[in-house]
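Lettering of chains follows the sequences in order, A, B, ..., and the numbering in each one begins at 1.
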Amino acid sequence: MNLTELIIKSIIILVIFGVTLVIAMYSTWAERKVAGFMQDRLGPNRAGPFGLLQPLADAGKMFFKEDFIPSQANKWLFIIGPCLAILTALMSSAVIPFGDSIRYEGLTIPVQGVEINIGILYVFGVVSLGVYGIMVGGWASNNKFSLLGAIRAASQNISYEIAMGLAIIAILMMTGSLSLRSIVAGQESFLTWNVFTQPLGFIIFLTCAFAECNRTPFDLPECETELVGGYHTEYSSMKLGFYLFAEYINMFVSSAVISTLYFGGYHYPFMNTVHNALTGSLGEVTGHNLATLIGMLVLFAKIFFFIFFFMWVRWTLPRFRYDQLMNLGWKSLIPLSILNVVVTGFGLLYDIEYASWLIVIVMVVLAVMSSARAPKRVVQPQRS
Amino acid sequence: MNTTYLPSDYLPIFIQLVLALGFIVGSMIVSHNIGPKRHSEKKDDPFECGIPVKGDARTPISIKYFLIAILFVLFDVEVIFLYPWAVNFKGLGMEGFIEMILFMGLLLAGFYYILRKGVLKWE
């Protein structure tokens, strides 16, 4: 790796890092705007036009709050907890391919922090370290509510990690590579996007992503009706800010991973036509870079849709009970994803690409039958 | 895509780590220093909805969580065994597929055992 390449790489990483932070910041604004829209309110609209300066105001407020450490807490662990949570969140975007490649002075540099052949394993490894941040912080607070929240978070995250790993195996079987770039390259035309070949895997992965991000309906670790604030009850100032920020960065990263794994990453229909037209009219270098830029914008559109989807679900589904959460993770998602792996394997051996639709069809039929058989609930007229 | 990697190829990850650590340590130091500091006996207690604190949080917790953690270790190791198989799936063909079905059958047998043992039963 020569110096020019390293400098360009560093710039790419710096830009990705900045973009991650800005998106996470504005996700807090978007979340409140979406919440306002869904509940027929206005949402933040005081700071700047449309309340666009609200995240800055919030960050300023966070900095100037008292940085409070309870007397019974383990001081260093109390500080390390939120730092670990946000560190793992920030590190996980390194291997995601955000675009095709940039051509500069005869060099072709992929728009990606680092291209390694174990990409998805890196994401998994870093994301699963995130549970330490929550666990350490909750335990160090020496507060019963925090401890309960942290333990819930830990057992929920590890339960859904298994189903998540199994859902990805079906994709790896089809692609034959762990590198995220090769997984994206395998989804070049629209109908080979993994969401069409792996519908069940996609649903399992999406559900697990919600659980890993501790988002509603899986937000039991910070369920305010039972646990005050969950694992961050005792936190204030920027330490609380780090926990909240880490949640939004995780949301961004998991949206990016979902788009990369299942929605073709930076691919879009008629991409080659656009690429050829641009290189034809603007020359090999400029045209290629412009085509890369369009691909990046498409990827970010997909990411923003998924971030919106996270918020949409938050105001649509109520929270699960703890036993329901565990039953869903262990008794439904794990057997289903193993079944998905087996069916995908059969499909690959006998060249049936869309084999896992079979499971989806069977499941839909079963669901329709069971709802048709269920006894009709009679509406009792209420006595006034 | 290249197949051999030198340590220098992982340099970007290191750059990102330095960036992230700089951001974290910087904002931690700033927020530690510019906020007010006022202490009192009541305020330094853990917050438990205003009720006087009884004991601390270093108490035993439900064994269920521990069992979940142990099960996670078992199942995650099984999942890790599946990764290299999945990457080489097309090369292994039918034979590898049957072997892996046997492996997953054993895995599911263990899974059925823990279900019947009631490990995952939450009251």
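Other residues, nucleotides and ligands place no more than 12 heavy atoms under 6.0 Å from the OH atom of A:Tyr132.
Looking at every heavy atom in both residues, A:Gly130 comes nearest to A:Thr88 through CA-OG1, 3.4 Å. Considering all non-hydrogen atoms of both residues, A:Phe78 and A:Ser141 come closest at CE1-OG, 3.7 Å.
Of the atoms belonging to A:Phe63, heavy atoms from both backbone and side chain fall under 4.5 Å from chain B. With a 4.5 Å cut-off on non-hydrogen atoms, B:Ile61 touches chain A through its side chain but not through its backbone. Within the 4.5 angstrom heavy-atom criterion, atoms from both the backbone and the side chain of B:Ile24 approach chain A. Looking at A:Lys144, the atoms closer than 4.5 Å to chain B (heavy atoms on both sides) sit in the backbone and in the side chain alike. In this structure, the portions of A:Ser155 lying under 4.5 Å from any heavy atom of chain B include both its backbone and its side chain. In this structure, no portion of B:Ile80 lies under 4.5 Å from any heavy atom of chain A. For chain A, the nearby parts of B:Met94 are the backbone and the side chain; heavy atoms of each come within less than 4.5 Å. Heavy atoms of A:Leu14 lying under 4.5 Å from chain B belong to its backbone as well as its side chain. The parts of B:Leu17 that come within reach of chain A are both its backbone and its side chain, each placing non-hydrogen atoms under 4.5 angstrom from that chain. Only the side chain of B:Phe111 comes within less than 4.5 Å of a heavy atom of chain A; its backbone N, CA, C and O stay farther away. With a 4.5 Å cut-off on non-hydrogen atoms, B:Phe97 touches chain A through its side chain but not through its backbone. Heavy atoms of B:Leu108 lying under 4.5 Å from chain A belong exclusively to its side chain. Interface residue A:Ala140: only backbone heavy atoms are found under 4.5 Å from chain B.
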- Task: Step by step, work out the ring-ring contact (aromatic ring centres under 6.0 Å, His included) result for B:Phe89 and B:Trp85.
- Result: CA-CA 6 Å; B:Phe89 178 75; B:Trp85 168 76; 5.4 Å; yes

- With ring-ring contact (aromatic ring centres under 6.0 Å, His included) as the test, would you mind laying out the steps for A:Trp330 and A:Tyr160 before giving the verdict? CA-CA 8 Å; A:Trp330 285 91; A:Tyr160 279 81; 9.2 Å; no

- Task: Run the numbers on B:Gln16 and A:Ser93 for side chain to side chain donor-acceptor pair (under 3.5 Å), then give the verdict.
- Result: CA-CA 9 Å; B:Gln16 186 150 5; A:Ser93 64; 3.2 Å; yes

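Between chain B and the options A:Ser159, A:Ala154, A:Cys83, the largest number of non-hydrogen pairs under 4.5 Å is found for A:Cys83. Annotation: maximal heavy-atom pairing with chain B below 4.5 Å, among A:Ile12, A:Ile13, A:Leu147, occurs at A:Ile13. Between chain B and the residues A:Ile171, A:Ile169, A:Ile338, the most heavy-atom pairs under 4.5 angstrom are made by A:Ile169. Note on A:Leu121, A:Ile151, A:Leu21, A:Asp323: by heavy-atom pairs under 4.5 Å with chain B, the leading option is A:Ile151. Chosen from A:Lys239, A:Glu161, A:Met91, the residue pairing most often with chain B at heavy-atom distances under 4.5 Å is A:Met91. Between chain B and the options A:Phe124, A:Trp139, A:Tyr322, heavy-atom pairs under 4.5 Å are most frequent for A:Trp139. Of the listed residues (B:Val73, B:Asp76, B:Leu82), the one with the most heavy-atom contacts under 4.5 Å to chain A is B:Leu82. Note: B:Ile34 leads B:Leu21, B:Asn33, B:Ile34 in heavy-atom pairs under 4.5 Å with chain A.
Between A:Asn117 and A:Leu178, the closest side-chain pair of non-hydrogen atoms is not below 4.5 Å. Using a 4.5 Å heavy-atom cutoff, the side chains of B:Leu19 and B:Phe23 are not in contact. With a 4.5 Å cut-off on side-chain heavy atoms, A:Ile334 and A:Leu166 count as touching.
Formation of a donor-acceptor pair under 3.5 Å by the A:Thr175 side chain with backbone atoms of A:Ile183 is not found in this model. Judged by distance alone, the side chain of A:Ser182 and the main-chain N or O of A:Ser177 form no donor-acceptor pair under 3.5 Å.
No donor-acceptor contact under 3.5 angstrom links the side chains of A:Ser179 and A:Tyr122, judged on distance only.
Residue A:Asn340 holds its CG atom at 8.0 Å from CG of A:Leu336, rounded to the nearest 0.5 Å.
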